[in-house]
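Worksheet: one structure, shown below.
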There are 2 protein chains.
Amino acid sequence: MTRTAIQKPDYEAELRKAGVRITRPRRIIVGILTDTEDHPDALEIFRRAVAIDSSISLSTVYRTMKLLEGLGAIHRHAFEGGPSRFEQAGGDHHDHLIDIETGDVIEFKSDRIEQLQNEIARSLGYDIVHHRLELYGRKCKVK
Amino acid sequence: MTRTAIQKPDYEAELRKAGVRITRPRRIIVGILTDTEDHPDALEIFRRAVAIDSSISLSTVYRTMKLLEGLGAIHRHAFEGGPSRFEQAGGDHHDHLIDIETGDVIEFKSDRIEQLQNEIARSLGYDIVHHRLELYGRKCKVK
DNA sequence: ATGCAATTGCAAATCGTTTGCAATAATGGC
DNA sequence: GCCATTATTGCAAACGATTTGCAATTGCAT
Ligand SMILES: [Mn+2]
Ligand SMILES: [Mn+2]
Ligand SMILES: [Zn+2]
Ligand SMILES: [Zn+2]
C-alpha cells in the first residue's frame, strides 16, 4: 500500500507547479518523505533531516509539512495520544490499525466499509469530504 | 442515541463506587453531563458550570473529565482540529458524522461496519480494543 | 552577477491540557 | 454534631506540540 512503483510522487515537480521555491531544506525533507515506509512524526522527520544537514530547523519541518499537506502531497494523521504523523499521498486510500502495545501502524483497506460509509452519509443527507477510520488493538493469540 | 430513559447513568453512584468524594464541583459537572444532548468540550462544560457556581475552575473540569473517563463513565472524542469533546458513556456504541460547515455532530451506527472491522482486525491477527470512525462531510442538495 | 521576494533559523508565543502547592472541604469515627 | 484526616480544590505556573515574528539568508528571474 505504501510502496508501489508508479505512484511515487515527484515532490519537486509538485513544488515547482505550486510556484514555491525549491530550497535545500525542502529538498531534503521531501527526500526523506519519498523513501519512507512508515508514518513518522515531525520530530522524527527532523531527526532524519538533521542527519543530512544539521542546520535544518524543526520549524522548517513543520512549515514544510503544512505546505505539502496544503498541496495534497501528504496526509496528516492524528492518531490517539501522540503528535501528528505523516505519509505521502498519492497511494490508494487506506485506513489504519494501530497496535496499542507497540505503536505499529498497519494499513488496510475495505471497499465494503468505504461503500457503507457513503450510504450512511447519504442517508443522513451528507456528502463525505473525508473520513477517518482507526482500529486500535493488540495481537491476538488465535489466528 | 444520546437520549434513552433507561441508560441515564447515575454518576453519583459511580463516583461513590469508585471510592472518591462527592464534592460540589463534581456534582455540578456530572449534573451538566447528565442532561446534555451534545458533545461539549471542557471549556463549554466549564461555562455551563460557572453559570451554576462561579467558583468552579477549569482545572477541576479537566480533572473531573479525566476521572470520569478513567471510570468509563464518559467518552472522550478528539475530532479534527478542535479540543476534546465529551459525552456520557452507557448508551449504545455509535460513531459520528461531523458537519464540516457547522461543526454539528450527528450520531450513527452500523452493525455491518462494526462487524467488518472485527473481521479485518482478526484477519490481521489483532483483537480490537477500541476504534474511531468519523465521517466529515457537508450537507448535500440531493437527498 | 544583481536585486528582491520567499524562505529560513531562532526565540518567543500559542493552544489545550496538566500539575505543584497551599488552602479548603468531604467523610468516617467519636 | 464535632474533629481529624485526607482528598479535592483554585490558582498560577509548567507542559508538549505546533505556530509565528523577525532579521538574516537564499533561490531565482532578470
Ligand atoms: Mn498509511
Ligand atoms: Mn456521540
Ligand atoms: Zn477509509
Ligand atoms: Zn463504531
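In what follows, chains carry the letters A, B, and so on, assigned in the order in which the sequence lines appear, proteins first and then strands, with residues in each chain numbered from 1.
- One finds no salt bridge joining A/Arg48 and A/Asp41 here, because no Lys/Arg side-chain nitrogen approaches an Asp/Glu carboxylate oxygen to under 4.0 Å.
- Evaluation of the side-chain hydrogen bond (donor to acceptor under 3.5 Å, both in side chains) rule for B/Glu119 yields B/Gln115 as partners, not counting sequence neighbours.
- Between B/Phe79 and B/His96, the ring center distance clears the sub-6.0 Å criterion.
- Residue A/Tyr62 contributes atom OH, which lies 19 Å from atom P of C/dA13 at whole-angstrom precision.
- In this structure, NZ of B/Lys66 is placed 8 Å from C1' of C/dT17, rounded to the nearest angstrom.
- The CE-P distance, from B/Met65 to C/dT17, rounds to 11 Å in whole Å.
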- Message: Under the criterion side-chain contact (heavy atoms from CB on, under 4.5 Å), I'd like the reasoning laid out for A/His130 against B/Glu80: C-alpha separation, chi angles, the key distance, then a yes or no.
- Response: CA-CA 11 Å; A/His130 66 283; B/Glu80 227 174 55; 2.6 Å; yes
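- Remark: C1' of C/dT24 and CZ of B/Arg21 are 11 Å apart, rounded to the nearest angstrom.
- From the 5' end on, the contacts that DNA chain D makes with chain A at under 4.0 Å to a non-hydrogen atom open and close at D/dA17 to D/dC28.
- A side-chain donor from one of B/Glu114 and B/His93 sits under 3.5 Å from a side-chain acceptor of the other.
- A residue-by-residue look at B/Ala42 and B/Pro25 shows that B/Ala42 has its nearest nucleotide of DNA chain C further toward the 5' end.
- Within the 4.0 angstrom heavy-atom criterion, only backbone atoms of the sugar-phosphate kind lie near A/Ile56; the bases stay farther away.
- Atom CZ of B/Arg63 and atom C1' of C/dT24 are 13 Å apart (whole Å).
- In this structure, CZ of B/Arg85 is placed 13 Å from P of C/dG16, rounded to the nearest angstrom.
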- Before giving the answer on salt bridge (Lys or Arg N to Asp or Glu O under 4.0 Å), spell out for A/Arg47 and A/Glu44 the whole-Å C-alpha distance, their side-chain angles and the decisive distance to 0.1 Å. CA-CA 5 Å; A/Arg47 274 190 224 105; A/Glu44 174 60 23; 2.4 Å; yes
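- Take the nearest nucleotide of DNA chain C for A/Ile22 and for A/Ser59: the residue whose nucleotide is more 5' is A/Ile22.
- Following rounding to the nearest Å, B/Asp53 (CG) and C/dT24 (P) show an atom-to-atom distance of 15 Å.
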